[in-house]
Protein chains: 2
Amino acid sequence: MRTISPPVGLPALNETDLVGQVARRLTEAIVQGRLPPGSKVVEAGIARELGVSRAPVREAARLLEQQGLLVANPRRGFFVRQFAADDIDEIYDLRLCVERHAAVLAARNLTPETRDKLRRQIDVLHETADLDDPARQVEEDYRFHRLICEIAGNRRMLRLFDDLASELRMVIGLIGRLYDDPHEIARTHEPVLAAIEAGHPERIVAHVDYHIGHAWREVGRLVREIPPWPAAAK
Amino acid sequence: MRTISPPVGLPALNETDLVGQVARRLTEAIVQGRLPPGSKVVEAGIARELGVSRAPVREAARLLEQQGLLVANPRRGFFVRQFAADDIDEIYDLRLCVERHAAVLAARNLTPETRDKLRRQIDVLHETADLDDPARQVEEDYRFHRLICEIAGNRRMLRLFDDLASELRMVIGLIGRLYDDPHEIARTHEPVLAAIEAGHPERIVAHVDYHIGHAWREVGRLVREIPPWPAAAK
DNA sequence: CAAGATCAAACTGTCGACAATCGACGATTA
DNA sequence: TAATCGTCGATTGTCGACAGTTTGATCTTG
């Protein structure tokens, strides 16, 4: 008789994934604009604030470092990354390169189920547009693009996307409002999906180029407008 | 009167970068095939062996984890990543996607100096081919491709390349000898450089596709031939 | 004999401590 | 007055320790 694991394992709460939790909290704080770019991340401070010791904080910081949100100056500590205009260009250049490919792969792997997922996400985008919640809008936007990478089926590509996205979320979070007309965003996703459904590589690339290129120009413009980062508190 | 800093600063010696050193040692051990795929990385063991405490080892391990060389099972420790055939496909798929773009960008930024660097590296490849040192050959091969990414001028792209390369180095290091004819490798780089010098995007992409595609098929074949990793010692 | 229970050793996750170093501020000197 | 030096608090890098888990082996039981 088998007395194995109690019926259905649920959210196997990791209990002790302090590092992960700290990392999430830190990411959150950075993206939300507390911990502004250039500010110092004092290990002891974070540790005390979260009620843990410095060890998990350090490991989490190393994670965020590799992820590009923090930079480490030996003997000096971790600092929140500062973005310049050319960082935006780098990020979008790479993102465009990857998402083109992802979209083409996604088209190749598309099933009725995954297609529906994409469609539903566009619906969500429209619904979110009514909420006047820019952060949420940006989030749902990413979810759409992330779906494409997921469907493409390359885990490393997905991880790369997540890394780029977390950098972008940070920048965009700091800029504040991104688009004037949220519904406009929602609509501009439709031709991308249409192209993927149609499955013409060239058309896919063209539409992805147009869509991402638009965001690139927009974000680039905003970053150049408000260059000296707000309150880069030491 | 200005008595500023003594003119010529020299190589700011890093002294204490234990984490970095440990990370390098670990990477080395993994790539060289000690620490075979699937083997457990016991923190205390590594720490004792390197004469340091567990803290730096853990942080270094987190680094390698984010880099894809290790995987972390909570409460269970770090394990050396195991590669399957589809990992090879993922890596090369992404690498091809990125290097195409990098090569096109490199062509756009090419200066006489950078062009010479590339040419010289091809010369080095030919010289190395005589040495019968497969590891070295692979290394110089990467250096050529890395140069292209460097010239492309996107730091994030370069980091991505390095990450992919370290995974590949591990796989290839485990396979042992890669090509039969080292001079063959050296020669196949020439059309790539020629295309970059010519500056025709399509021709560049075509040659990069051919070159990387060749390696992809080759590595894929070898991995499929020797699938159960050698000595996956617990 | 096989499946489950029991137990000990090994290992991880986390903590608090300590020395070395950094940064700032005030003292010193030309 | 302005630049340099010395000192002091704050912070990082590293370590050893301890509790809770996991692993593997041994023992028990049907």
Side-chain angles (χ1 to χ4, degrees), chain A residues 1-7 9 11-26 29 35 38-66 70-81 232-234, chain B residues 1-7 9 12-26 29 35 38-66 69-81 232-234:
Chain A
M1 194 250 236
R2 319 179 52 189
T3 16
I4 330 180
S5 60
L13 53 102
N14 242 346
E15 276 293 354
T16 43
D17 180 22
L18 275 201
V19 175
Q21 282 181 256
V22 174
R24 237 164 301 146
R25 289 290 200 96
L26 271 180
L35 290 190
S39 61
K40 187 167 173 16
V41 177
V42 181
E43 300 171 6
I46 306 294
R48 188 152 17 83
E49 199 161 341
L50 298 182
V52 299
S53 81
R54 277 174 50 215
V57 175
R58 280 182 66 87
E59 292 187 24
R62 279 256 141 68
L63 253 148
L64 296 212
E65 181 197 358
Q66 190 76 2
L70 296 180
V71 299
N73 298 36
R75 293 280 176 205
R76 207 164 285 195
F78 293 91
F79 295 79
V80 178
R81 164 126 212 184
K234 155 79 200 269
Chain B
M1 195 251 245
R2 317 183 52 188
T3 20
I4 331 181
S5 59
L13 47 99
N14 233 351
E15 277 291 356
T16 44
D17 181 22
L18 272 201
V19 174
Q21 282 180 257
V22 173
R24 237 166 300 146
R25 289 291 198 93
L26 270 180
L35 288 189
S39 61
K40 188 166 170 19
V41 177
V42 181
E43 301 171 5
I46 306 295
R48 188 152 18 82
E49 199 160 341
L50 297 182
V52 299
S53 82
R54 279 173 49 214
V57 175
R58 280 182 66 87
E59 292 188 23
R62 286 254 186 261
L63 253 147
L64 297 211
E65 181 198 358
Q66 191 76 2
L69 291 189
L70 296 180
V71 297
N73 297 34
R75 292 274 174 210
R76 208 164 283 195
F78 293 91
F79 295 79
V80 178
R81 165 126 212 185
K234 185 217 89 178

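Sequence lines set the chain letters: A, B, ... in the order given, protein chains first and strands last, and positions in each chain run from 1. Values in this document were obtained by computation on a predicted structure and should not be read as measured data. Computation of the quantities below employed the complete heavy-atom set of this structure, encompassing side-chain atoms and omitting hydrogens, waters and symmetry-equivalent molecules.
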What side-chain donor-acceptor pairs closer than 3.5 Å can you find for residues 44-53 of chain B, not counting sequence neighbours?
from: B:S53; atom 1: OG; to: B:A55; atom 2: N; distance (Å): 3.4

Distance in angstrom units between [X] [atom1] and [N] [atom2], rounded:
{"X": "A:F79", "N": "C:dG23", "atom1": "CZ", "atom2": "C1'", "value": "11 Å"}
{"X": "B:R48", "N": "C:dC11", "atom1": "CZ", "atom2": "P", "value": "8 Å"}
{"X": "A:I46", "N": "C:dT14", "atom1": "CD1", "atom2": "C1'", "value": "18 Å"}
{"X": "A:E65", "N": "D:dG13", "atom1": "CD", "atom2": "P", "value": "10 Å"}
{"X": "B:D17", "N": "C:dT21", "atom1": "CG", "atom2": "C1'", "value": "15 Å"}

With sequence neighbours excluded, residues passing side chain to side chain contact (heavy atoms under 4.5 Å, CB included) with B:E59
A:R58, A:E59, A:R62, B:V19

With rounding to the nearest 0.5 Å, note down the distance linking CZ in A:R75 to CG in B:D17.
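The CZ atom of A:R75 sits 10.0 Å away from the CG atom of B:D17.
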
Is any side-chain heavy atom of A:V41 closer than 4.5 Å to a side-chain heavy atom of A:V57?
no

Using side-chain heavy atoms (C-beta onward) and a distance below 4.5 Å, is A:V22 in contact with A:L63?
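Of all side-chain heavy-atom pairs linking A:L63 with A:V22, none is under 4.5 Å.
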
What are the two closest non-hydrogen atoms of B:G38 and B:F79, and how far apart are they?
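Minimum heavy-atom separation between B:G38 and B:F79: O-CD2, 3.6 Å.
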
Give me, pair by pair, the N or O atoms of the protein and of nucleotides 9-12 of chain D that are less than 3.5 Å apart, along with how far apart they are.
from: D:dT12; atom 1: OP1; to: A:K40; atom 2: NZ; distance (Å): 3.3

